[in-house]
Colleague: 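Just passing along the structure, written as structure tokens.
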Amino acid sequence: QVQLVESGGGLVQAGRSLRLSCLASGSIFSTNAMGWYRQAPGKQRELVAITSGGRSNYADSVKGRFTISRDNAKYTVFLQMNSLKPEDTAVYYCYAIIESPVDFFRNYWGQGTQVTVSS
């Protein structure tokens, strides 16, 4: 049973940094894309950053501030969030496309971790 577990969220002041981690565990053959989405109160879930095939994409709102990285061997993805703004406040969800013995490539989601940035 594949599971994504996020960690690293919390409450920080604007201008500071957080580093989110997500570990995929279970019977995994490979991970294709791994990334992060977020959902702020009253808003739709949006893509923050995603990496696949050695390429990374970022939402315009986080470019230059956030960096996604990945450890394929450990099925782990990170999100380094610098210069945080109150607008970054949201629940951040890990996302992955994973190949497993029982399911070929399919989408998985973490439970979410709260990031709150105070003014």
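Sequential numbering from 1 along the given sequence is applied to the chain's residues.
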Colleague: What are the two closest heavy atoms between Pro86 and Ser119, and how far apart are they?
Modeller: CG-OG, 3.6 Å
Colleague: Would you name the heavy atoms of Leu20 and Gly8 that are closest together and state the gap between them?
Modeller: CD2-C, 3.5 Å
Colleague: Parallel, tilted or perpendicular: which fits the ring planes of Tyr92 and Phe66, with parallel below 30° and perpendicular above 60°?
Modeller: tilted
Colleague: If you look at every heavy atom in Ala49 and Tyr58, which pair is closest and at what distance?
Modeller: CB-CD2, 3.5 Å
Colleague: Would Trp36 and Leu84 show up in the same hydrophobic cluster when neighbours are defined by side-chain heavy atoms closer than 4.5 Å?
Modeller: yes
Colleague: Taking all heavy atoms of Ser83 and all of Arg65, pick out the closest pair and write down the distance.
Modeller: O-NH1, 3.0 Å
Colleague: Would a single hydrophobic cluster contain both Val77 and Tyr95, if residues Ile, Leu, Val, Met, Phe, Trp and Tyr are joined by side-chain heavy-atom contacts under 4.5 Å?
Modeller: no
Colleague: Which heavy atom of Ser17 sits nearest a heavy atom of Gln80, and at what distance?
Modeller: CB-NE2, 3.9 Å
Colleague: Would a 4.5 Å heavy-atom cut-off, applied to side chains only, mark Val117 and Met81 as touching?
Modeller: no
Colleague: Checking side-chain contact (heavy atoms from CB on, under 4.5 Å) between Arg70 and each of Ile50, Thr31, Thr76, which is the one that passes?
Modeller: Thr31
Colleague: Salt bridge check, Lys63 against Asp60: does any charged N sit closer than 4.0 Å to a carboxylate O?
Modeller: yes
Colleague: More than 12 foreign heavy atoms under 6.0 Å from CD of Gln111: is that the case here?
Modeller: no
